[in-house]
Number of protein chains: 2
Amino acid sequence: MPGDDPAAPRWRRRKEARPREIVDAALTVFGERGFAAARLEDVAAQAGVSKGTLYLYFPNKEELFKAVVREAILPNLDMAERLLAGAQGPSFAVLETLLTLFATRILKSRAGAIPKLIIAEAGNFPDLARFYYDEVIRRAFALLAAVLERGMARGEFRPVDVDSTVRLIVAPMLMSALWRSSFEALEGRPPDVAALLAAHLDALRRTLAPEGGPPS
Amino acid sequence: MPGDDPAAPRWRRRKEARPREIVDAALTVFGERGFAAARLEDVAAQAGVSKGTLYLYFPNKEELFKAVVREAILPNLDMAERLLAGAQGPSFAVLETLLTLFATRILKSRAGAIPKLIIAEAGNFPDLARFYYDEVIRRAFALLAAVLERGMARGEFRPVDVDSTVRLIVAPMLMSALWRSSFEALEGRPPDVAALLAAHLDALRRTLAPEGGPPS
DNA sequence: AGCTAATAACTGACTGGTCAGTAATATTTT
DNA sequence: AAAATATTACTGACCAGTCAGTTATTAGCT
């Protein structure tokens, strides 16, 4: 407990550690409440710091949010892009790995709340929407489009409309993320992400298979 | 313009027409701003009425929102349920009709904003989430599950995990709705709902086909 | 028909509470 | 002592919900 030791200082200067701790706390609070409804006072409390301190490290709420996205999402995108760049095997395996990566690294972590957050607030905070669209969505879509192109070029996938198919691939994953944030509490059992992912991959295998036989 | 004619009354009593007009205005404003950020003052202005009048017809913001859902969504669900109950032909045609119905009646109308709204605010307004879950989601899921069961019973669909497959069916439609509300403004072209629906139906045909041949 | 209450519908200023951002002040470190 | 870091108290804007008062409409009376 603070205050136990009267000789201990009430607080310490920790210039290096603060930003990370604040961003981490912000991910939690934004995830629970959304952007507009999150109170910076709560973020500060969660980070073990006072509200004024936030403003020493971030100029305002929006920039704090951008920092959250940068820390929680972008490293995973980097990883996914490196994965595709170095891929050797069949394209469907790449797709499978990417979706599994998303399910484990995003869906199961606190970062899973971010998509909901963006969708919820895009209308009222267009700058945020623009930022997320440019930094995340465009890149993720381009990545999946590249996998499809690769598969079609190698004769592993039948020819499909790339844009629509990318959306079909992404939708169930995204929906899982939104679902968790919104309705998990209302359903008895927690949603079975593994089952959904399996069914989705099965469906994709059938959808992408060239007429002759299975793609993988 | 009001005020043009000095003999015209400043307002009129229109007890019967008010509720519908207010709900209609509320759908617009909630759709643009979300539930929490929508100002009842704006709803009132849009309905051509003063703020106090809203409270003559609806006890509070939440009940007004529920009225919006009842008016904009539930009639479509009723229609869909009647459609399945009276269906004669192949199950895939039923599925196709249902999805097309959704694409035209919900996605293209202002009601398309409601899913976003619910997802956005579920965390902060659990009563709203519960209401929507009970009145809409449960019914819609049961409906699609019934179509799948019907198709499997008639040997038109291969055996699938019903719960996962329902989610796979819904996800792209839902995502379209969310997308429109959030990112339409940021992308150059408007999203091609028809192309997505066609690709989705194509994928579903392949996914549900029994091993022997096509389901429809 | 016209005049006069009585009532129902409606208005808009106000209240109480919330919260992002800022200013003034305090504590720690060098 | 001075600089750096942090806290606390405050300001200003915002908005759901309330309510005292106003206006349109109806009903009763002549």
Side-chain angles (χ1 to χ4, degrees), chain A residues 2-23 25-26 29-30 32-68 117 121 123-125 127-128, chain B residues 2-23 25-26 29-30 32-68 117 121 123-125 127-128:
Chain A
D4 267 3
D5 180 357
R10 293 209 289 124
W11 45 264
R12 291 177 187 285
R13 302 161 95 177
R14 296 173 56 241
K15 189 178 167 54
E16 288 73 27
R18 295 295 191 217
R20 186 184 305 271
E21 292 171 358
I22 291 169
V23 166
V29 177
F30 284 148
E32 282 166 0
R33 295 284 231 260
F35 178 75
R39 290 181 308 186
L40 290 187
E41 200 120 19
D42 289 349
V43 174
Q46 175 88 16
V49 113
S50 76
K51 193 167 96 169
T53 299
L54 301 187
Y55 286 88
L56 298 174
Y57 295 99
F58 302 93
N60 56 45
K61 206 180 182 183
E62 286 207 14
E63 288 302 322
L64 174 56
F65 178 77
K66 289 184 188 175
V68 169
L117 227 149
E121 320 272 6
N124 295 322
F125 300 90
D127 289 359
L128 251 43
Chain B
D4 267 2
D5 179 359
R10 293 208 289 118
W11 45 266
R12 290 178 186 286
R13 303 165 100 179
R14 296 174 57 241
K15 187 180 169 52
E16 286 73 27
R18 293 298 189 211
R20 187 185 303 273
E21 291 172 358
I22 292 169
V23 166
V29 177
F30 284 148
E32 282 166 359
R33 297 285 231 258
F35 178 75
R39 288 181 310 182
L40 290 188
E41 201 122 16
D42 289 349
V43 173
Q46 175 90 16
V49 112
S50 78
K51 197 166 105 171
T53 299
L54 301 187
Y55 285 88
L56 298 176
Y57 295 99
F58 303 93
N60 55 47
K61 204 180 183 183
E62 286 210 12
E63 289 302 321
L64 174 57
F65 177 77
K66 289 184 186 175
V68 170
L117 227 149
E121 320 271 5
N124 295 323
F125 301 90
D127 289 359
L128 251 44

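Each chain gets a letter, A, B and so on, in the order the sequences are listed, and its residues count up from 1.
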Sugar-phosphate only, base, or nothing, as touched by A/L40 at under 4.0 Å among non-hydrogen atoms: sugar-phosphate

Which atom of A/A67 lies closest to which atom of A/F58, heavy atoms considered: CB-CE2, 3.7 Å

Touch class at under 4.0 angstrom, heavy-atom based, for B/A38 against every strand present: sugar-phosphate

Nearest-angstrom distance from the residue atom CZ of A/R39 to C1' of C/dA20: 12 Å

Considering all heavy atoms, the nearest B/E62-B/L128 contact: OE1-CD1, 3.5 Å

Rounded distance (Å) that lies between atom P of D/dG17 and atom CG of B/N60: 5 Å

Phosphate contact (D/dT5 OP1 or OP2) by A/Y57 side-chain N/O below 4.0 Å: no

Donor-acceptor pair under 3.5 Å, B/K61 side chain vs D/dG17 base: no

Shortest side-chain distance from B/Y55, nucleotide among C/dT22, C/dC10, D/dT18: D/dT18

Whole-Å gap separating P (C/dC10) and CG (B/L54): 11 Å

Most 5' of A/A37 and A/P59 on DNA chain C, judged by nearest nucleotide: A/A37

Between P of D/dC15 and CZ of B/F35, the distance in whole Å: 14 Å

Length of the CD-P vector between B/E63 and D/dA16, whole Å: 16 Å

Atom-pair distance (CZ on A/R33; P on C/dA20), nearest Å: 11 Å

Nearest heavy atoms of A/L40 and A/L54, plus distance in Å: O-CD1, 3.5 Å

Atom pair distance, as rounded to whole Å: CG in A/D42 and P in C/dC19: 8 Å

Minimum-distance pair of heavy atoms, taken over all atoms of A/F35 and A/E121: N-OE2, 2.8 Å

Sugar-phosphate only, base, or nothing, as touched by A/F58 at under 4.0 Å among non-hydrogen atoms: nothing

A/E41 CD - D/dT11 C1' separation (whole Å): 14 Å

Taking every non-hydrogen atom, the tightest pair across A/R33 and B/N124: O-ND2, 2.7 Å

Presence of B/T53 side-chain N/O under 4.0 Å of C/dT11 phosphate oxygens OP1/OP2: yes

